[in-house]
Amino acid sequence: MEFDEWQERAACRGIGWQLFFSDAADDIRAALAICRRCDVRSQCLDAAMRTGEAFGVWGGTPETHRRRIFRAARRRRVA
Ligand code: SF4
């Protein structure tokens, strides 16, 4: 993903990316808590959806959530 201006205001800036790409439930919960207080959450989620980010926590959503949306969108395109 390219760097955008909104990323300078990200609540996760300076926090290790490992927290946002962990499979551990505690880490995912901690990452989602950081997203909840992030001022650029909607820009982050929009970028993740646009670029098809299938891994990690983005825009306050875990990867399982976004994958469901991607699968539903694929099914709609095939139907
Ligand atoms: S919404 Fe979460 S992942 Fe996205 S920039 Fe904010 S803190 Fe980082």
Side-chain angles (χ1 to χ4, degrees):
M1 185 180 294
E2 286 182 31
F3 188 84
D4 288 317
E5 173 276 330
W6 60 263
Q7 289 173 299
E8 291 180 17
R9 297 184 287 127
C12 58
R13 193 155 186 216
I15 296 173
W17 59 267
Q18 296 90 340
L19 183 67
F20 288 79
F21 288 91
S22 170
D23 290 331
D26 285 350
D27 288 346
I28 294 169
R29 271 193 294 275
L32 291 172
I34 294 168
C35 290
R36 276 195 293 278
R37 62 177 173 79
C38 181
D39 291 337
V40 292
R41 192 166 142 188
S42 63
Q43 292 96 322
C44 179
L45 180 58
D46 181 57
M49 297 308 289
R50 246 186 306 108
T51 58
E53 287 288 351
F55 298 98
V57 169
W58 291 83
T61 62
E63 60 190 43
T64 50
H65 180 97
R66 290 193 316 283
R67 284 182 189 169
R68 271 198 302 274
I69 294 170
F70 292 142
R71 273 196 301 272
R74 271 197 302 274
R75 279 195 297 271
R76 278 196 301 275
R77 280 196 298 273
V78 170

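As the structure lists them, so they are numbered: ligands from 1, and atoms in each ligand from 1. Start at 1 with the first residue, then count along the sequence.
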Trp58 with Phe70, same ILVMFWY side-chain cluster at under 4.5 Å:
no

Residues forming a salt bridge (Lys or Arg N to Asp or Glu O under 4.0 Å) with Asp23, sequence neighbours excluded:
none

Neighbouring protein N, O or S atoms of atom 6 (Fe) of ligand 1, below 2.8 Å:
1

Taking atom CZ as the centre, does Phe21 end up with more than 12 heavy-atom neighbours from other residues, nucleotides or ligands that are less than 6.0 angstrom away?
yes

Hey, is the main chain of Leu19 close enough, under 3.5 Å, to the side chain of Ser22 for a donor-acceptor pair?
no

Report the residues that fulfil salt bridge (Lys or Arg N to Asp or Glu O under 4.0 Å) with Glu8, sequence neighbours left out, ordered by chain and then residue number.
none

Non-neighbouring partners of Ser42 that pass side chain to side chain donor-acceptor pair (under 3.5 Å), sequence neighbours left out
none

